[in-house]
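Here the structure is laid out as structure tokens; the discussion comes afterwards.
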Amino acid sequence: MNIYYSDIATSIQSTINGQSTQLVAGNKLCGQIVVARAAFSTKSTMLAGDMIQLFRLPKGAVIIPHLSLFSSDTLVATNLVITLGDQGDPARYSYELDIAKQGYHQLEGGKQALKPSEIGESTWITATIITATSVTENKKIMAWIAYTLP
């Protein structure tokens, strides 16, 4: 039988065997998940290419796309497709996501989903509009973005 080790198990095993004096950071074993929440109102003038600044996350934050979502309690447009990203890459945390309909819209994919990494410097997290058709004025959309801190 073969035994395969995760990155955490490798660090722990090295410490137990005396090959390393570095302990695994506690938040990697049992860290807290924090959820940043932001609300924004739709505008009938929203167009493809427009950006919505949601909030700033601190240096070291690691966004968890599959635990993040957008929600609305009503239909906000015929089509309202966004990506979630930051100043460096507007689609870093999600592929295109249609948030026009009532309900919960969980993030899908994005480069960060397969290879999570820490935010290098405090940065704005943004939603970039890819498609906007018949957007209704002043409908509230909530962003719930999960992340951890080192």
Side-chain angles (χ1 to χ4, degrees), residues 4-12 15 20 22-150:
Y4 302 96
Y5 296 99
S6 69
D7 58 343
I8 302 300
T10 300
S11 295
I12 292 171
T15 303
S20 172
Q22 295 185 351
L23 296 176
V24 177
N27 68 325
K28 288 187 178 178
L29 292 174
C30 57
Q32 288 185 321
I33 295 174
V34 182
V35 177
R37 183 200 66 80
F40 62 94
S41 295
T42 57
K43 304 292 179 203
S44 60
T45 56
M46 288 179 154
L47 298 170
D50 289 351
M51 183 182 1
I52 303 158
Q53 287 189 330
L54 297 172
F55 38 73
R56 288 184 71 83
L57 288 184
K59 176 181 179 179
V62 178
I63 289 181
I64 309 169
H66 63 281
L67 296 180
S68 302
L69 57 90
F70 285 80
S71 65
S72 177
D73 62 359
T74 186
L75 181 71
V76 299
T78 302
N79 289 300
L80 185 57
V81 178
I82 63 162
T83 58
L84 185 74
D86 54 39
Q87 294 163 324
D89 182 349
R92 188 180 314 272
Y93 309 109
S94 77
Y95 297 128
E96 295 181 1
L97 180 67
D98 191 346
I99 61 171
K101 296 180 181 154
Q102 173 184 356
Y104 297 98
H105 310 283
Q106 186 173 352
L107 297 187
E108 297 175 3
K111 299 171 191 109
Q112 195 74 357
L114 297 175
K115 189 177 178 186
S117 61
E118 294 179 3
I119 293 174
E121 295 296 325
S122 176
T123 189
W124 280 100
I125 302 303
T126 60
T128 300
I129 298 173
I130 304 303
T131 306
T133 309
S134 302
V135 179
T136 306
E137 188 77 19
N138 290 325
K139 297 295 181 181
K140 186 164 107 175
I141 297 175
M142 301 292 295
W144 306 87
I145 308 303
Y147 67 97
T148 61
L149 287 171

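Residues take their numbers from the sequence shown, with the count starting at 1.
Under 3.5 Å, the side chains of E137 and S44 contain a donor-acceptor pair of N or O atoms. With no hydrogens or angles considered, no side-chain donor-acceptor pair links W144 and S68 at under 3.5 Å. For the residue pair Q87 and T123, a side-chain donor N or O sits within less than 3.5 Å of a side-chain acceptor on the partner.
Distance alone, capped at 3.5 Å, is enough to place a donor-acceptor pair between the R56 side chain and the S122 backbone. The backbone N or O of L84 sits less than 3.5 Å from a side-chain atom of S94, completing a donor-acceptor pair. The closest donor-acceptor contact from the side chain of T42 to the backbone of T136 lies under 3.5 Å.
Separating the CD1 atom in I64 from the CG atom in L107 is a distance of 11.5 Å, to the nearest 0.5 Å. With rounding to the nearest 0.5 angstrom, the CD atom of Q106 is 12.5 Å from the OG atom of S71. Rounded to the nearest 0.5 Å, atoms CG (L54) and CE (M142) are 10.5 Å apart. Taken to the nearest 0.5 Å, the CD1 atom of I82 stands 4.0 Å off from the CD1 atom of I99. Between the CZ atom of R92 and the CD1 atom of I119 there is a distance of 8.5 Å, given to the nearest 0.5 Å. Distance check, rounded to the nearest 0.5 Å: OG1 of T126 to CE of M51 gives 5.5 Å.
In terms of heavy atoms, A132 sits closest to I129 at CB-CG2, 3.8 Å. Across all their heavy atoms, P65 and I63 have their closest contact at CD-O, 3.2 Å. In plain terms, the two heavy atoms of S72 and K101 that are nearest each other are CB-O, 4.4 Å. When every heavy atom of A146 is checked against every heavy atom of I33, the shortest pair comes out as CB-CG2, 3.9 Å. Closest approach of A77 to T133, counting heavy atoms only: CB-O, 3.5 Å. Contact detail for D98 and A100: the closest heavy-atom pair is OD1-N, 3.0 Å.
For F55, the side-chain contact (heavy atoms from CB on, under 4.5 Å) partners at least two apart in sequence or on another chain are A36, A38, L57, I125, I145. Partners of V34 under the side-chain contact (heavy atoms from CB on, under 4.5 Å) rule, at least two apart in sequence or in another chain, are Y147. With sequence neighbours excluded, the residues that form a side-chain contact (heavy atoms from CB on, under 4.5 Å) with E96 are V81, T83, I130.
You'll find the side chain of F70 reaches within 4.5 Å of the side chain of L97, heavy atoms only. Contact check for K139 versus D73: no side-chain heavy atoms found under the 4.5 Å cut-off. Residues T78 and V135 form no side-chain contact, since every pair of their non-hydrogen atoms from C-beta on lies 4.5 Å or further apart.
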Run the side chain to side chain contact (heavy atoms under 4.5 Å, CB included) test on V76 and Q102 for me, step by step, so that the C-alpha distance in whole Å, both residues' side-chain angles and the decisive distance to 0.1 Å come before the verdict.
CA-CA 7 Å; V76 299; Q102 173 184 356; over 6 Å; no
Candidate pair M46 and I52, rule side chain to side chain contact (heavy atoms under 4.5 Å, CB included), full reasoning
CA-CA 10 Å; M46 288 179 154; I52 303 158; 4.0 Å; yes
